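Quick note on labels: first sequence line is chain A, next is B, and so on, each numbered from 1. For clarity, every value in this text was computed on a predicted model and none was experimentally measured.
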Number of protein chains: 2
Amino acid sequence: MRMSAGVEWAVHCCVVLSQAEHPVPSSRLASLHGVSKTYLAKHLQALARAGIARPTEGRDGGYVLMRPPEQISVLDVVQAIDGPEPAFRCTEIRQQGELAAPPEQCRKICGVAKVMADAERAWRTSLSATSIADLAGSFDTSGMRRVLRS
Amino acid sequence: MRMSAGVEWAVHCCVVLSQAEHPVPSSRLASLHGVSKTYLAKHLQALARAGIARPTEGRDGGYVLMRPPEQISVLDVVQAIDGPEPAFRCTEIRQQGELAAPPEQCRKICGVAKVMADAERAWRTSLSATSIADLAGSFDTSGMRRVLRS
DNA sequence: GTACACGTACTCGGATAAGACGTGTCCGAGTGCTGGGGG
DNA sequence: CCCCCAGCACTCGGACACGTCTTATCCGAGTACGTGTAC
């Protein structure tokens with residue numbers, strides 16, 4: 001199970017955006033973090049589709065957070081980049097093969113799928129407990145703001 | 001983020017093996033669940049490498065669980081198939097680009113990585129709370145045993 | 001009747017292709033600023 | 001001095017290749033059982 005590397009980029013970008021007072025272009029965000037400009041742009045589009053950041057076109061344009069950083073959880077960013085569908089997808093193999101269970105036993109969710117769903121729920125709950133604002137507190141925001149002004 | 005489909009197969013196979021009294025060949029496990037024989041064999045090898053199931057060669061051979069099903073957690077099976085490495089891999093982009101943090105600020109783990117690690121820990125804890133024996137209780141084990149004897 | 005040796009059928013195991021997805025890149029369309037000219 | 005307009009540079013956005021991992025398959029090596037034979 002592997003999470004897209006773009007998630008890390010997106011979270012860091014959100015932290016930077018939470019400290020910016022003006023729109024920040026995707027190319028600037030890329031050079032700030034030392035990553036590919038064009039590929040980061042792709043992920044920022046995903047943030048825009050999810051309603052987390054808003055792009056401004058034209059000169060002096062860039063991305064701005066659409067909500068206060070306290071109201072953006074890490075889970076929001078992860079799901080924006082990685083997709084909202086769960087990692088485990090039950091293919092209902094309990095209904096296939098020689099020991100296929102009869103349909104009347106399959107009204108309830110498969111026990112395997114339930115365990116996986118519970119685990120993913122715990123994962124999401126943990127991610128949603130931290131906001132971008134919380135994360136920003138663990139970084140050197142003063143230096144971040146200084147670099148953003150220059 | 002996607003989990004390997006083989007995880008579902010492996011968990012169901014472990015449930016079946018917990019009800020079997022004799023070794024069950026991989027080809028039998030495949031036809032019982034209606035999945036590819038050869039591909040399932042590959043995943044069963046992973047279970048063997050992880051010390052969960054043991055293969056027996058020759059005629060009347062097959063796989064047998066190496067531990068009582070109460071002592072095999074769903075997490076054990078998931079990690080055997082999907083690998084033990086975490087889904088999120090921090091690439092330390094806080095040390096790259098224009099706003100690279102100085103090394104003395106990087107002795108502690110990156111805040112982003114910490115949030116992800118905590119979430120995955122919650123996920124693993126949830127998965128380890130359920131054993132193969134618990135799962136077997138949610139299936140029709142009597143029918144399973146009947147089919148296995150035939 | 002018993003023990004041994006052989007043949008066979010079955011098992012696992014690793015090495016080998018095909019497909020899907022994440023990763024990375026490129027160029028075109030659209031927009032807001034800015035400088036110059038006219039009123 | 002103020003307003004309007006054209007040009008421009010910059011931005012985003014979607015369409016296009018590449019590499020890697022998951023998925024899927026095949027064939028060979030090895031082993032335990034069953035049978036036939038010799039003692």
* **Residue met sooner reading DNA chain D from 5', once A/G62 and B/H43 are mapped to nucleotides** => A/G62
* Structure fact -> Picking from D/dT11, C/dT31, D/dG14, the nucleotide nearest the side-chain atoms of A/Q45 would be D/dG14
* Asked: Given D/dG13, C/dT23, C/dC12, which nucleotide is nearest the side-chain atoms of A/R2?
  -> C/dT23
* Structure fact -> By nearest-heavy-atom nucleotide on DNA chain C, the more 5' of B/M1 and B/A41 is B/A41
* Asked: Contact class for B/A48 (heavy atom, under 4.0 Å): base, sugar-phosphate, or nothing?
  -> nothing
* Would you tell me if any nitrogen or oxygen in the side chain of B/S36 comes within less than 4.0 Å of OP1 or OP2 on D/dT25? => yes
* **Nearest-angstrom distance from the residue atom CD of B/E57 to C1' of D/dC33** => 14 Å
* Structure fact -> Rounded to whole Å, CG of B/L40 lies from P of D/dT22 at a distance of 17 Å
* Could you go through the salt bridge (charged side-chain N to carboxylate O under 4.0 Å, His left out) check for B/R145 and B/E21 one step at a time? => CA-CA 9 Å; B/R145 277 194 294 265; B/E21 294 168 344; over 6 Å; no
* Asked: Among the nucleotides C/dT16, D/dC12, C/dC26, which one has an atom lying closest to any side-chain atom of A/P55?
  -> D/dC12
* To the nearest Å, give me how far apart CG (B/L44) and C1' (D/dA24) are. => 15 Å
* Asked: Would A/H12 and B/R94 count as a side chain to side chain contact (heavy atoms under 4.5 Å, CB included) if you check the C-alpha gap in whole Å, the side-chain angles of each, and the deciding distance to 0.1 Å?
  -> CA-CA 8 Å; A/H12 279 275; B/R94 63 174 171 173; 4.2 Å; yes
* Interatomic distance, B/R49 CZ vs C/dG13 C1' [rounded to whole Å] -> 9 Å
* Roughly how many Å is it from CZ in A/R59 to C1' in D/dC12, rounded to a whole number? -> 17 Å
* B/S26 vs C/dC12: side-chain N/O to OP1/OP2 distance below 4.0 Å -> yes
* **Shortest side-chain distance from A/Y63, nucleotide among D/dT11, D/dG13, D/dT23** => D/dG13
* Worked verdict on B/E8 versus A/R89 for salt bridge (charged side-chain N to carboxylate O under 4.0 Å, His left out) -> CA-CA 9 Å; B/E8 184 184 10; A/R89 296 146 300 146; over 6 Å; no
* To do: Look at the side chain of B/D82 and the backbone N and O of B/Q79, then say whether any donor-acceptor pair between them is shorter than 3.5 Å.
  => no
* Asked: Can you tell me how far C1' of C/dC26 sits from NZ of A/K42, to the nearest Å?
  -> 11 Å
* Looking at A/S4, does any N or O in its side chain come under 4.0 Å of the phosphate oxygens OP1/OP2 on C/dT23? -> yes
* To do: Check the distance between D/dC12's P and A/L47's CG and give it to me in whole angstrom.
  => 12 Å
* **Atom-pair distance (CD1 on B/I81; C1' on D/dT23), nearest Å** => 13 Å
* To do: Could you give me the CA-CA distance, side-chain angles and deciding distance for A/E98 and B/S31, then say whether side chain to side chain donor-acceptor pair (under 3.5 Å) is met?
  => CA-CA 6 Å; A/E98 291 184 32; B/S31 64; 3.3 Å; yes
* Structure fact -> Against the side chain of B/Y39, the closest entry in D/dA32, D/dT23, C/dT31 is D/dT23
* Residue B/T38, side-chain atoms from C-beta onward, closest of C/dC10, D/dT25, C/dT11 -> D/dT25
